[in-house]
Amino acid sequence: MRERIMNGIGFTLLAACFVISVGRILIYRTQPESTADGRESVTIRFAHWQLESGVRDALTALADEYMRLNPNVRVIQIPVPEKIYTNWLITQLVGGTPPDIIQIGIGATDERIARFFTPLSDLASSPNPYNDGTDLEGVELRNTLFDGMLGGYREALLEYYGVPISGYSIRMFYNLDLLEEITGSRNIPQTYREFIRLCEAVADHKLDSGENIVAIAGSKYNAPFLMARLFGSQTQKLNLELNQPGSFQDSVVRRGHDYLIGNWSLDSPEVRSGIHLMREVGKHMQPGFMQLLRDDATLLFVQGRALMICTGSWDATSIRQQASFPVGVGPVPLPSTEDPEFGEFTLGGITEAGSNAGVTFGLTKASEHPEVARDFLLFLASQPANQIWTNVSEWIPSVLGVEVNDEVEPFLPVVEGFSGGLAIAHESLADTARVVTTQMHVLVAPFGSEEEFVESIRPDYGPSILASLERLARTNRDAVRRSDTQLGATAWRAVNDSDNPKRRNRFDIVRHAMLMNDIVDFRHEAAIAKEPEGHR
Amino acid sequence: MTTPPLLLPFSHAIVWVGCVVVGFTVHSSFGSDTELEPRVDGMDAAVVDDGPLDEAWAMAESFLSNDANQEFADAVDLDGVNDRERRFGEAMTLLNVQPRTSGNIERSEEMLEELIAENPGDDPGIFAQFFLGRLHQMHAANPDLPRAAQIYRDLFLNHPGHPLAEFSASVLALATLYSLETTPEQRSALFDEYESWIPRMQTAEGRRDLHLILGRAGVAFGRDRKWIIEQFLAADAGGIPRRQDEVALWTQLGELARLEGNYPLAREYFEKVVKTYRRHNNYYPVLQLLNSLPDPDATAPDGQSDPGGATL
């Protein structure tokens, strides 16, 4: 009897707890949180993979500033490691639990973007209210960014899906203390000749002092930044000669095809000059650098055992924070047209004008507060916010008119110059890149040679180009086929709603894109069909 | 070990409270009204909904072929659906349903041919012909370009003024001019034939596209420079819809004009590039070419043109 009473009391307590809990849940769901001034409080979350030093601080500063301007909004930052970003992204999107705003890039295929993200084209074509009172007041958002907001445009989907807030560039970083110790000055080399003399001075210093130092910290991540630019400087004129009139860009497919039909070879003087230049610089990196990782090279530099490292502006803050010495930054030194040894084949500097902005944030369709999230995106892309971004992160701003400090100034894109020439190992030609990379040690080893390097890659070079082009052709054909569905849909909607200018415009863009893609498809077909004997 | 009777109700209550708290936490963390598969409803905010199949068309426009195909298939019993439109949508999206199978391609072919047989002259019939051409050109396991070309040709000749039929002329021109099977003699004849089609075209977009394809193919296969310039000028007059293609065309037009000794035209197009595309890779090279041009009103001496090749 007593046990039954006790159980009854227990169940009554239980029922009371349950009712209270349900009541609280209902209250929580139906009554929005309020701020001190009684306004509704909302929380938005944004995720990114930029774990570099300074970036999280900058994003925190931006979130804080936004919350100061909008006291009813709470902004939460979710940093996700790059290595797991794709898996995290897919899980969040498919699971229906993504943050309101996500950095677009890694793992963001066109299909995922179309399915899970909201187009922002209306934002792109409207003035940004957060620019009111600045010189960008009343200007369409896309025209306030240095790349025309192309960093957020998805060409296949014909929509803007992201707002980019930063730029980037590749530069040489210098240990200024070591530079002064070796040369007696902190002056960074401005020409290729000064640069190569500095490399030789480091080698002499190493012999004289016995210090275990190298001129350039290399790795399979860093070295290609430098090697590709050096080689590309020597093939700029060759590229123009091979191109159709009025075409200045390098085309991987055209150049691969050109190799296969004999328009250039590993014995072309421009190519030999590029290889020679790579050896001249490569031998000043530490032995075995192509087996080392990004972190190995960074460690070598920040420990003061390398005078220079070539990497992206995104590493600047991390390097400065880890290094115990002042860090200088300068352009990647390329031979000028007057260079006595390497001037013959170059057009001079390589332009960075075509680079798009990055650190692009998109709005998820699952956002519970899309209007607030859109407003936060507008804030991020405003001139005042971008000023905070560059001040704190020391990354390049994406918004026009933002002032940069002395640390950021050397990273600003160089507009003058021509496109780089054809590459000896373009990343799109994966098989060819592998052939060249695996034999790079033959080129840069103390007892290696250009001739030995060329002969070591020659047997596999042509077949690797052909194999890579065949793979590219298959990939391109798949893309062309996929686009047919889009063409059919846009054409149908345009034809059946011919008074709607937006639909007509979309069809116009899609049909034009399809024709251009079909031309590329035929170019691929021609490239892999016209190979000379011996390449299969 | 047994629970003392006095503590039993409290242990029950604690377990329940725990469950409720956990449930509350999980519920409030993830929210209750997020959709697992968000609808593709943000594609075209400015466009009004225009029918029961609009959702399916929006999906297809976003490359979501599997979803769109399912929508079209499921709409078979919906009220107010135009069945020929629905069947065309289903057949067209079937071409890209993943994984791609020969069975899907064959089924698509059957459906498209049925639509054409029923009525080749309405929109579903005309669209079906175009995509039957694409099927034989791009999607079939064994592409059949001559058959595709015949379909495009018939489509253009039989349906003057229809936007997709006029577009098929450019697709046909591109496919046949660039084909590796086409001999130089055949190509020369095709250039002439396609050029003769342009005056009869009724849409500005159709004329622009065909001019552009003829010009591009003309550059690729070494046609007369003046003729290429004419094609490109006509294409440019129609407005190039993508900026990257516009800057490429303007640059190429300027350079062809420079090589031809038509310096005023070269200057006009180089200046358009420099003024409009300051952040483009072409900006600096074009600026150099512009600065290298002789006085604005000068022409090449004795009417001589540059033999070709970039001279930067």
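- Between chain A and the options Leu177(B), Leu164(B), Val219(B), Thr93(B), heavy-atom pairs under 4.5 Å are most frequent for Val219(B).
- Atom OG in Ser247(A) sits 7.5 Å away from atom CG in Asn282(B) (nearest 0.5 Å).
- Residue Arg100(B) places its CZ atom among more than 12 non-hydrogen atoms of other residues, nucleotides or ligands, all under 6.0 Å distant.
- Of the two parts of Gln137(B), the backbone and the side chain both hold a non-hydrogen atom closer than 4.5 Å to a non-hydrogen atom of chain A.
- Pairing each heavy atom of Thr485(A) with each of Met92(B), the nearest pair is CA-SD, 3.6 Å.
- Annotation: maximal heavy-atom pairing with chain A below 4.5 Å, among His280(B), Gln252(B), Arg243(B), occurs at Gln252(B).
- For Phe117(A), no part sits under 4.5 Å from any heavy atom of chain B, backbone or side chain.
- The CG atom of Asp54(B) sits 11.0 Å away from the CG atom of Asn496(A) when rounded to the nearest 0.5 Å.
- Taking CZ of Arg481(A) as the reference point, atom OG of Ser65(B) lies at 13.0 Å (rounded to 0.5 Å).
- Note: Leu174(B) leads Thr251(B), Leu256(B), Leu174(B) in heavy-atom pairs under 4.5 Å with chain A.
- Annotation: maximal heavy-atom pairing with chain B below 4.5 Å, among Leu150(A), Asn505(A), Ile509(A), occurs at Ile509(A).
- The greatest number of non-hydrogen atom pairs below 4.5 Å with chain A, out of Gln244(B), Gln98(B), Arg278(B), is found for Gln244(B).
- When heavy atoms are compared at a cutoff of 4.5 Å, Tyr178(B) approaches chain A by way of both its backbone and its side chain.
- Residue with the most contacts toward chain B among Asn243(A), Asp484(A), Asp478(A), Val415(A): Asp484(A) (heavy-atom pairs, distance under 4.5 Å).
- Heavy atoms of Phe130(B) lying under 4.5 Å from chain A belong exclusively to its side chain.
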Give the intermediate values and the outcome of side chain to side chain contact (heavy atoms under 4.5 Å, CB included) for residues Arg134(B) and Met514(A).
CA-CA 12 Å; Arg134(B) 290 300 280 179; Met514(A) 183 192 134; 3.1 Å; yes
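- Of all the heavy atoms in Gly488(A) and Phe131(B), the pair that sits closest is CA-CZ, 3.3 Å.
- Annotation: side chain of Ile519(A) is in contact with side chain of Ile213(B) (closest heavy-atom distance under 4.5 Å).
- Only the side chain of Arg523(A) comes within contact range of chain B, judged by heavy atoms closer than 4.5 Å.
- The side-chain heavy atoms of Met138(B) and Asp521(A), taken from C-beta on, include a pair separated by under 4.5 Å.
- Between Glu205(B) and Arg511(A) there is no salt bridge, since no side-chain N of the basic residue sits under 4.0 Å from a carboxylate O of the acidic one.
- At a 4.5 Å heavy-atom cutoff, the contact between Ser419(A) and chain B is made by side-chain atoms alone.
- At least one side-chain heavy atom of His162(B) sits under 4.5 Å from a side-chain heavy atom of Val495(A).
- Contact annotation for Tyr283(B): only side-chain heavy atoms (C-beta onward) come within less than 4.5 Å of a heavy atom of chain A.
- Taking Val171(B), Leu95(B), Asp245(B), Leu212(B) one by one and counting their heavy-atom pairs under 4.5 Å with chain A, the maximum is reached by Asp245(B).
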For Leu487(A) and Phe167(B): C-alpha separation, side-chain torsions, deciding distance, then whether side chain to side chain contact (heavy atoms under 4.5 Å, CB included) applies.
CA-CA 11 Å; Leu487(A) 175 85; Phe167(B) 179 57; 4.1 Å; yes
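- Atom OG1 in Thr351(A) sits 5.0 Å away from atom CG in Asn281(B) (nearest 0.5 Å).
- The pair Asp508(A)-Arg208(B) counts as a salt bridge, with a side-chain nitrogen and a carboxylate oxygen less than 4.0 angstrom apart.
- No other option in Pro124(B), Gly254(B), Ala248(B) has as many heavy-atom pairs under 4.5 Å with chain A as Pro124(B).
- Ring-plane geometry between Trp57(B) and Trp492(A) is classed as parallel, the angle between the planes falling under 30 degrees on a 0 to 90 degree scale with a further cut at 60.
- Residue Glu352(A) touches chain B through its backbone alone, counting heavy-atom pairs closer than 4.5 Å.
- Heavy atoms of Ala217(B) lying under 4.5 Å from chain A are absent altogether.
- Note that OG of Ser62(B) and CG of Asp110(A) are 10.0 Å apart. Values are rounded to the nearest 0.5 Å.
- Both the backbone and the side chain of Ala513(A) come within less than 4.5 Å of a heavy atom of chain B.
- For a residue to count as touching a neighbouring chain, one of its non-hydrogen atoms must lie under 4.5 Å from one of that chain's; by this rule Leu287(B) does not touch chain A.
- Put simply, the side chain of Met59(B) does not reach to within 4.5 Å of the side chain of Arg115(A), judged on heavy atoms.
- Nearest heavy atom pair, residue Glu525(A) against residue Leu180(B), reads O-CD1, 3.9 Å.
- Using a 4.5 Å cut-off between heavy atoms, Thr12(A) does not touch chain B at all.
- Heavy-atom distances place both the backbone and the side chain of Ala175(B) under 4.5 Å from chain A.
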